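Below is one structure, written out as C-alpha cells; the observations come after it.
Nothing here was measured: the structure is a model prediction, and the numbers come from that model. The chains referred to below are lettered A, B, ... by the order of the sequence lines, with proteins before strands, and numbering in each begins at 1.
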Amino acid sequence: MAPKGKKPVPSKPAPKEVKKSAPPKASSGGVVKAKEKALKAKKNVVRGRHDKKNRKVRTSVHFRRPKTLKLPRNPKYPRKSVNRTNKLDQYALIKYPLTTESAMKKIEDNNTLVFIVDKRANKPMIKQAVKKLYNIDVAKVNTLIRPDCEKKAYVRLASDHDGLDVANKIGII
Amino acid sequence: MAKVKAKDLRGKKKEELLKQLDELKTELQTLRVAKVTGGAAAKLAKIYTVRKSVARVLTVINQTQKENLRKFYRKKAFKPKDLRHKKTRALRRALTPYELKIKSKKEQRKQRLYPQRKYAVKE
C-alpha cells in the first residue's frame, strides 16, 4: 500500500461491511446510498487521494510516539493460587528476652527490656510486635547485631510502665 | 494440655484453627522465656511437642486450603500455575495427545487408500 497515511483509507472496510451486514434493515434508498459510499471508498483506495483537506499539521520537527490505549491488567487466572502467609509474624520476630546481668540493670535503671529478635526485624516491626505480645507501650527501640549474628533490641518502655512489673509479668525476673 | 492430633484438627473451621495456632505460639513464647531463665525440665521438654503441634496445625490449614482451591478450579479452563500438573518442563511443553493425533487430509487419504497390508506365505 502506498504510504499515504490518510484518514479516509482505514475507514474503507467499515462502510463496505455495514452495507453487507445490514441489507434488510435499510430502505431501498438507504441501501443505494451505502453502496455508493462503499464504491467511492473503494475508488479512493484504488486510485489514491490527492486532496489536502485532512492532512495533519506538524508543529514540531520530532515525531513522537502516539499515545495508544493501555488496558489495565485483567488476568484469566491468578499466577499463584494463594499468596504466601507472612512467616515473620510477631511470634517469630521476638525470639526471647535476655536475662543477663547488664540486661537486668537496664530493666531497673533505664526502664528498658532487652530482647533477642530475628535478624530481619526492623525497629518499627519490633515496636509493633512487643506492643501486641505484651500489651505495653514502647517509647523507642534501639538495635544492634551481636557478633554471633543475632539481633539484640533494647526496647524502652513508655514512662507510664514500670520495667520491673512488666518483666515480672513476662517471666524474666 | 491434650495432645494435638491432626485427625481432630481436620474437622475444624479456619478461624478456630488460626485461634489454636495463636494459642500454641504464645505458649511457645512463654516456654522459650522459661528456657532462658532456667526453667523446669518439664517445660523445656514441652517445647518440642508444642513446636510439632504448631506444625500440625499449619499443615492442616494449608492442606485444606489447597484442597478447596483445587476443587474450586477443577472445572475451569485456566488454573493457577501451582495447581497444574508439574510433570517436567519438557513434558509440559510437549504436544498434547490430540495434537499428536491429527493428520492432514493428504495423510488421511493415503492411509485410507493404502493401508498396511498383511501377507502370509502359503506352505
Would V166(A) and I170(A) satisfy side chain to side chain contact (heavy atoms under 4.5 Å, CB included), going step by step from the backbone distance to the final call? CA-CA 6 Å; V166(A) 178; I170(A) 298 177; 4.0 Å; yes
Report the C-alpha separation of R146(A) and I116(A) in whole Å, then their side-chain angles, then the decisive distance to 0.1 Å, and conclude whether the side chain to side chain contact (heavy atoms under 4.5 Å, CB included) test is met. CA-CA 10 Å; R146(A) 287 152 122 212; I116(A) 298 291; 3.7 Å; yes
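If you tally non-hydrogen atom pairs under 4.5 Å between each of A34(B), G38(B), P80(B), G39(B) and chain A, the highest count goes to P80(B). In terms of heavy-atom pairs under 4.5 angstrom with chain A, the leader among L69(B), D82(B), L83(B) is D82(B).
Side-chain contact between T85(A) and L58(B) is absent, with no heavy-atom pair separated by less than 4.5 Å.
Residue K66(B) touches chain A through its side chain alone, counting heavy-atom pairs closer than 4.5 Å. In this structure, chain A has heavy atoms under 4.5 Å from both the backbone and the side chain of T26(B). Heavy-atom distances place the side chain of L133(A), and not its backbone, under 4.5 Å from chain B. For a residue to count as touching a neighbouring chain, one of its non-hydrogen atoms must lie under 4.5 Å from one of that chain's; by this rule N62(B) does not touch chain A.
In this structure, K151(A) contributes its side chain and A121(A) its backbone to a donor-acceptor pair below 3.5 Å.
Relative to the six-membered ring of Y73(B), R70(B) misses at least one condition, a distance below 6.0 Å or an angle of at most 45° to the axis.
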